[in-house]
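Accompanying notes for the structure given below.
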Amino acid sequence: MEATAKILGKWYEGHKRDLPWRRTESAYEIWLSEIILQQTRVQQGIHYYERFLERFPDVHQLAKASTEEVLKLWQGLGYYTRARNLHATAREIVSRYDGRFPADYDKLLALKGVGEYTAAAVASIAFGIPVALVDGNVVRVLARLYGIRIPFTTPKGRKEIHTLADRILDKRNPGIHNQAIMELGALVCLPKNPSCRDCPLHPKCYAFKHERIKDFPVRGVREKSRKRYFHYLHFSCSGKVFIHQRNKKDIWNSLFEFPIIETSRAVKPEKITANKQWRHLLEGCRYRIIEVSPLYIHPLSHQTLYVRFYEVQAATAPSVLAQEYTCIDAKRIHEYPVSRLTEKYLMSLKKD
DNA sequence: AATGCGTGGTA
DNA sequence: TTACCAAGCAT
């Protein structure tokens, strides 16, 4: 075994956190945890993991559920494609693999929502298959340890990291090893102000020895986020509201929302009634604007949303709304999966 | 191969 | 306050 792997394994035994998915050997539970944890902090994921397991104790229960229920349980976690793929894969496991996850890296990789990282994680942790995984933690640890100069955001950089990860992998205990290196990244080798004095690898660490911690990992440039302006029409008449499900290749795909007008520039609230789409939605309707919400600024990782909700009432619904949107009891809006933003708006209404 | 997908924590 | 980034994936 590599000396590095030995040090990692020993450190892990003494410092690993007691996390719910570390108490199981079930491939289903490990897979579930990995999907939830994709680009998600452990602290945020734990709660969802427990609720999912409670509602869906095994892959058959998950497969039997409706996609909408899965989305509703996923609400607030972000990256909603994960929820749809989670559900699709559960059904695939039941129909094609008789409810048992295949102990095979390539077969795992072929599952929806399972990429190189997750396939390696499930293969090594659940089945003891000797494959190295690379996540954000591993990138950081190895880039510093070996002083990798190629940006990890490029294919070359990722390959370089992967080669190193493969080289130091403890093939006898790949699951433990993989978790150990991630745990080191999560607890010690932090993005900012890493605790190098507590790090068992610091005598070997290139970045530490050269006092160049801040120079690694090397990253490429990020594109700046674009601005978008959303105007939601919260139209209600006699206890009904109108919603629809987003279905474009865009944010919040498959979540529900009120009729929306998007503009490329900011629009003052008093000017919204002059908007073409607004007039189209409300054509032939005598309405009044009950309330204009404050401006919600909703920064995503790649775009910033400037959003306002207009609460509008009328005696009867305009035909466009009735035709193009789904009419539901206002009280039942909470049964639908919605974005965090819409959830916040709905919460603000409850308080009144 | 580059871009887009959410939300929340941290400094 | 902004920027970074977290057990990545799909197209």
Side-chain angles (χ1 to χ4, degrees), chain A residues 16-17 19-22 30-49 71 74-86 88-89 108-126 132-141 151-159 161-162 165 175 177-187 189-194 214 217 219-226 228 246 248-255 296-305 307 337-344:
Chain A
K16 67 178 175 185
R17 290 168 291 179
L19 301 173
W21 44 86
R22 288 189 176 151
I30 289 165
W31 161 77
L32 175 64
S33 75
E34 293 300 344
I35 302 297
I36 287 175
L37 291 170
Q38 286 167 8
Q39 294 287 280
T40 303
R41 289 170 184 278
V42 165
Q43 209 48 42
Q44 190 190 8
I46 286 179
H47 178 59
Y48 283 86
Y49 175 77
L71 274 166
W74 195 272
Q75 176 173 305
L77 244 195
Y79 288 138
Y80 297 93
T81 300
R82 289 185 294 169
R84 295 198 311 275
N85 285 338
L86 181 87
T89 288
L108 290 168
L109 187 60
L111 298 170
K112 284 187 179 177
V114 176
E116 285 187 22
Y117 163 80
T118 305
V122 174
S124 63
I125 298 169
L133 59 77
V134 176
D135 76 331
N137 292 305
V138 177
V139 167
R140 201 162 53 248
V141 170
F152 67 87
T153 44
T154 65
K156 264 192 172 179
R158 268 197 100 67
K159 194 175 177 190
I161 300 278
H162 216 292
H177 173 95
N178 280 332
Q179 292 183 82
I181 188 166
M182 287 193 289
E183 194 77 339
L184 187 71
L187 299 182
C189 194
L190 307 168
K192 287 175 184 172
N193 305 321
K214 290 199 167 99
R219 70 187 68 265
V221 286
R222 270 203 184 198
E223 79 275 21
K224 62 173 186 180
S225 75
R226 67 185 172 122
R228 300 173 74 179
R246 292 178 71 93
K248 304 256 166 58
K249 283 186 188 173
D250 194 1
I251 54 168
W252 302 329
N253 184 9
S254 67
L255 297 191
Y296 289 80
I297 300 173
H298 195 73
L300 307 177
S301 52
H302 46 291
Q303 52 190 280
T304 303
L305 310 181
V307 185
V338 298
S339 68
R340 200 61 143 178
L341 175 74
T342 295
E343 193 184 4
K344 280 177 186 165

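A note on names: the letters A, B, ... follow the listed sequences, proteins ahead of strands, and every chain is numbered from 1.
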Please report the distance, rounded to the nearest Å, between [atom1] in [X] and [atom2] in [N].
{"X": "A:Asp135", "N": "C:dA6", "atom1": "CG", "atom2": "C1'", "value": "9 Å"}
{"X": "A:Leu111", "N": "C:dC9", "atom1": "CG", "atom2": "P", "value": "12 Å"}
{"X": "A:Asn137", "N": "C:dC4", "atom1": "CG", "atom2": "P", "value": "18 Å"}
{"X": "A:Leu108", "N": "C:dG8", "atom1": "CG", "atom2": "P", "value": "17 Å"}
{"X": "A:Lys214", "N": "C:dC5", "atom1": "NZ", "atom2": "P", "value": "14 Å"}
{"X": "A:Leu133", "N": "C:dC9", "atom1": "CG", "atom2": "C1'", "value": "15 Å"}

Original post:
Within the pair A:Arg158 and C:dG8, is there a side-chain N or O less than 4.0 Å away from OP1 or OP2?
Top reply: no
Subject >> C:dA6 phosphate, OP1 or OP2, under 4.0 Å from A:Arg140 side-chain N/O >> reply: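 Yes, A:Arg140 has a side-chain N/O under 4.0 Å of OP1/OP2 on C:dA6.
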Subject >> Given DNA chain C, 5'-ward residue of the pair A:Leu19 and A:Gly113, judged by closest heavy atom >> reply: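 Nearest-nucleotide comparison on DNA chain C picks A:Leu19.
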Original post:
Relative to the 5' end of DNA chain C, which residue comes earlier, A:Pro217 or A:Asn85, by the nucleotide with the nearest heavy atom?
Top reply: A:Pro217
Subject >> Under-4.0 Å salt bridge between A:Arg22 and A:Glu183 >> reply: yes
Polar contact flag, side-chain donor to acceptor under 3.5 angstrom, [X]-[Y]:
{"X": "A:Arg140", "Y": "A:Asn137", "answer": "yes"}
{"X": "A:Ser254", "Y": "A:Arg84", "answer": "yes"}
{"X": "A:Tyr80", "Y": "A:Gln75", "answer": "no"}

Subject >> Residue that, paired with A:Trp31, satisfies side-chain contact (heavy atoms from CB on, under 4.5 Å) out of A:Leu86, A:Leu108, A:Ile36 >> reply: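 Only match with A:Trp31 under side-chain contact (heavy atoms from CB on, under 4.5 Å): A:Leu86.
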Subject >> Qualifying residue, where the test is side-chain contact (heavy atoms from CB on, under 4.5 Å) with A:Glu34 and the options are A:Val114, A:Ile125, A:Leu133 >> reply: A:Ile125
Heavy atoms under 4.0 Å, any strand shown: does [X] hit a base, just sugar-phosphate, or nothing?
{"X": "A:Gln43", "value": "nothing"}
{"X": "A:Trp74", "value": "nothing"}
{"X": "A:Thr118", "value": "sugar-phosphate"}
{"X": "A:Val138", "value": "nothing"}
{"X": "A:Leu190", "value": "nothing"}
{"X": "A:Arg84", "value": "nothing"}

Original post:
For every nucleotide of nucleotides 4-11 of chain B, 5' to 3': is a protein heavy atom under 4.0 Å from its base (B), only from its sugar-phosphate (S), or from neither (-)?
Top reply: SBBBBB-S
Subject >> Euclidean distance for P, C:dA7 against B:dG4 (whole angstrom) >> reply: 24 Å
Original post:
Centres of the A:Tyr48 and A:Trp74 rings: under 6.0 Å?
Top reply: no
